[in-house]
Asks: 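If you scroll down you'll find the structure; I have some questions about it.
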Amino acid sequence: MATIVGAVTTSHVPAIGGAIARNRQQESYWKPFFDGFPPVRDWLREVRPDIAVMIYNDHGLNFFLDKMPTFAIGAAAEYHNADEGWGIPTLPPYPGDQDLSWHLIESLVSDEFDITTCQEMLVDHAFTLPLELLWPNQRPCPVRTVPVCINTVQFPLPSAARCYKLGQAIARAVESWESDARVVIIGTGGLSHQLDGERAGFINKEFDQLFMEKLIADPLWVARFSTLDLVELTGTQGIELLMWLTARGALSGQVSKVHSNYHIPISNTAAGLMLMQNSLAPA
Ligand code: DHB
Ligand code: FE
C-alpha cells in the first residue's frame with residue numbers, strides 16, 4: 001500500500017513568485033521567509049516522495065463564481081499554470097498521477113464526499129509556488145501531483161470539521177491504494193490575512209501561533225470553530241488555513257512537528273510554514 005510520509009503546510013502569496021523570479025531571496029524583506037525552507041527541502045530529500053497531494057484553494061482561475069465546487073479533485077495527466085496578472089512567470093505543466101487521482105475519487109465518493117472530478121484543471125499560485133519553494137529550479141517538477149481544491153472563495157464554505165474529515169478520508173484513500181508510492185501531503189494557504197474591505201491588512205499573530213501549536217497537538221480544537229468565527233479571527237482570506245487543517249487530518253497516530261517558521265508580513269499575509277510527521281512514518 002502507498003505510504004504517507006508526512007505533511008507540509010505553507011502560505012502562498014503571488015509576490016513570492018516575483019521574488020523568486022528576481023532572485024530576491026536574500027534581501028532583508030524576503031530572507032526570514034525563504035530561510036524557513038531549507039530544512040523542509042532536506043527532509044524531502046530524505047523521505048523521497050513520489051507524489052504530492054496538493055490541498056489548496058483556487059482563486060478564480062479554474063473555477064469562477066458561476067460554478068464553484070466545494071471540493072474538486074484533478075484527474076488529468078498534467079496541470080497547466082495560467083496564473084496571470086500578478087507579474088509572476090507562469091511555469092511549465094505539472095505531471096499528474098491519474099491512477100492515484102481516480103483511486104482518491106473512488107474512495108472519497110464511497111466515503112460520502114461527493115466531489116467534483118476535473119479531467120482538465122488549471123492551477124494557480126496556490127499550487128505552483130509551494131512546489132517551487134519545496135523543489136526550487138527543478139523543471140519539470142520532480143514529483144507527480146494530485147490537486148485537491150477546496151472552495152474558500154464563495155460562501156458557503158465547507159466547515160473546519162468537514163475539512164478535517166476530508167483529510168482523514170484522503171489518508172484512508174492513499175493508504176488503501178495498491179502501490180509502493182511515497183506520498184507527501186501539501187496544504188497551502190493562510191495564515192491570517194485579509195486583502196480587501198474595511199479590515200484589509202488584518203493579521204492576527206496571536207491566533208496564528210496558537211493555531212500552529214494546536215494543529216499538531218489538538219486538531220479537533222481547530223475543527224470546532226465555525227467558518228465565520230475563523231474569518232473573524234484570521235481575515236476573509238485567512239480562512240485558507242482550512243488547507244492546513246485538511247492536510248493535518250491526513251496524518252494519524254502520534255503526530256510531531258519537525259520544523260516550522262512564521263514571519264509577518266509577506267505582502268499582506270502572515271506567512272507560515274510547518275512540517276509535520278506521523279512519528280510512526282518510515283524515515
Ligand atoms: C495575497 C495572499 C494570498 O493568499 C493570495 O492568494 C493572493 C495575495 C497577498 O498577501 O498579497
Ligand atoms: Fe490565497
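Hydrogens, waters and symmetry mates play no part in the numbers below; they use all other heavy atoms, side chains included. Counting starts at 1 for both ligands and their atoms, in listed order.
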Asks: Is the backbone N or O of P32 less than 3.5 Å from a side-chain atom of N261, with the two atoms forming a donor-acceptor pair by type?
Replies: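 Checked: pair present.
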Asks: Would W43 and H259 count as a close aromatic pair, with their ring centres under 6.0 Å?
Replies: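 For W43 and H259, the ring centres are not under 6.0 Å apart.
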Asks: Under 4.0 Å from a heavy atom of H193: which atoms of ligand 1 are those, numbered in the order shown and with their elements?
Replies: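 The list of qualifying atoms is 2 (C), 3 (C), 4 (O).
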Asks: Any idea how Y79 and F127 line up, ring-wise: parallel (<30°), tilted (30 to 60°), or perpendicular (>60°)?
Replies: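 Tilted: the ring planes of Y79 and F127 meet at 30° to 60°.
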Asks: Determine the interplanar angle of the F211 and F207 rings, folded into 0 to 90°, and report it as parallel if under 30°, tilted if 30 to 60°, perpendicular if over 60°.
Replies: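 F211 and F207: parallel rings.
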Asks: What are the atoms of ligand 1, with element, lying closer than 4.0 Å to any heavy atom of T269?
Replies: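 Reading through ligand 1 atom by atom, the close ones are 1 (C), 2 (C), 9 (C), 10 (O).
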Asks: Number the atoms of ligand 1 from 1 as they appear, then name those within less than 4.0 Å of a heavy atom of S267, with their elements.
Replies: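 Close to S267: 9 (C), 10 (O), 11 (O).
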Asks: Assign the ring pair F34 / W30 to parallel, tilted or perpendicular, where the plane angle (0 to 90°) is split at 30° and 60°.
Replies: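 Aromatic pair F34/W30 classed tilted.
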Asks: Quick check on the Fe ion (ligand 2): does H125 put an N/O/S atom closer than 2.8 Å to it?
Replies: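 No, since none of the N, O or S atoms of H125 sits under 2.8 Å from the Fe ion (ligand 2).
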Asks: Would you kindly specify which portion of W86 sits under 4.0 Å from ligand 1, judged on non-hydrogen atoms: side chain, backbone, both or neither?
Replies: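 Side chain only.
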Asks: Is the Fe ion (ligand 2) under 2.8 Å from any N, O or S atom of H193?
Replies: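 So H193 does not bind the Fe ion (ligand 2) by this criterion.
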Asks: Mind checking whether F33 and Y29 have ring centres under 6.0 Å apart?
Replies: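 Between Y29 and F33, which both carry aromatic rings, the centre distance is not below 6.0 Å.
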Asks: Would you kindly specify which portion of H12 sits under 4.0 Å from ligand 1, judged on non-hydrogen atoms: side chain, backbone, both or neither?
Replies: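 The part of H12 near ligand 1 is both the backbone and the side chain.
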Asks: With the threshold set at 4.0 Å, does a side-chain nitrogen-carboxylate oxygen contact exist between D111 and R172?
Replies: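 Result for this pair is yes, salt bridge flagged.
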Asks: Taking the Fe ion (ligand 2) as the reference point, name the nearest N/O/S atom of H59.
Replies: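 Going through the N, O and S atoms of H59 one by one, NE2 ends up nearest to the Fe ion (ligand 2).
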Asks: Given S192, which of N204, N268, D208, T269 fulfils the side chain to side chain donor-acceptor pair (under 3.5 Å) condition?
Replies: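 With S192 as partner, N204, N268, D208, T269 yield a single side chain to side chain donor-acceptor pair (under 3.5 Å), made by D208.
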Asks: Provide the number and element of each atom of ligand 1 under 4.0 Å from a heavy atom of H125.
Replies: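 Under 4.0 Å from H125, ligand 1 has these atoms: 5 (C), 6 (O), 7 (C).
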Asks: Spell out, as yes or no, whether a donor-acceptor pair under 3.5 Å connects the side chain of R248 to the backbone of W244.
Replies: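 No, because the side chain of R248 does not come within donor-acceptor range (under 3.5 Å) of the backbone of W244.
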Asks: Run the contact test for H59 against ligand 1 with a 4.0 Å cut-off on heavy atoms, strictly below, and give the result.
Replies: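 It does; at least one heavy atom falls under 4.0 Å.
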Asks: Looking at E240, pick out the N, O or S atom nearest to the Fe ion (ligand 2) and give its name.
Replies: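 Per the distance ranking, E240 contributes OE2 as its closest N/O/S atom to the Fe ion (ligand 2).
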Asks: Taking only heavy atoms of E240, which atoms of ligand 1 are found under 4.0 Å from at least one of them?
Replies: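 Listed by number with element, the hits are 4 (O), 6 (O).
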Asks: Could you tell me which atoms of ligand 1, counted from 1 in the order shown, lie closer than 4.0 angstrom to a heavy atom of N268?
Replies: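 Contacts of ligand 1 toward N268, numbered from 1: 10 (O).
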Asks: Counting only heavy atoms, which portion of P14 has something under 4.0 Å from ligand 1: side chain, backbone, both, or neither?
Replies: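 Within the 4.0 Å criterion, P14 contacts ligand 1 through side-chain atoms alone.
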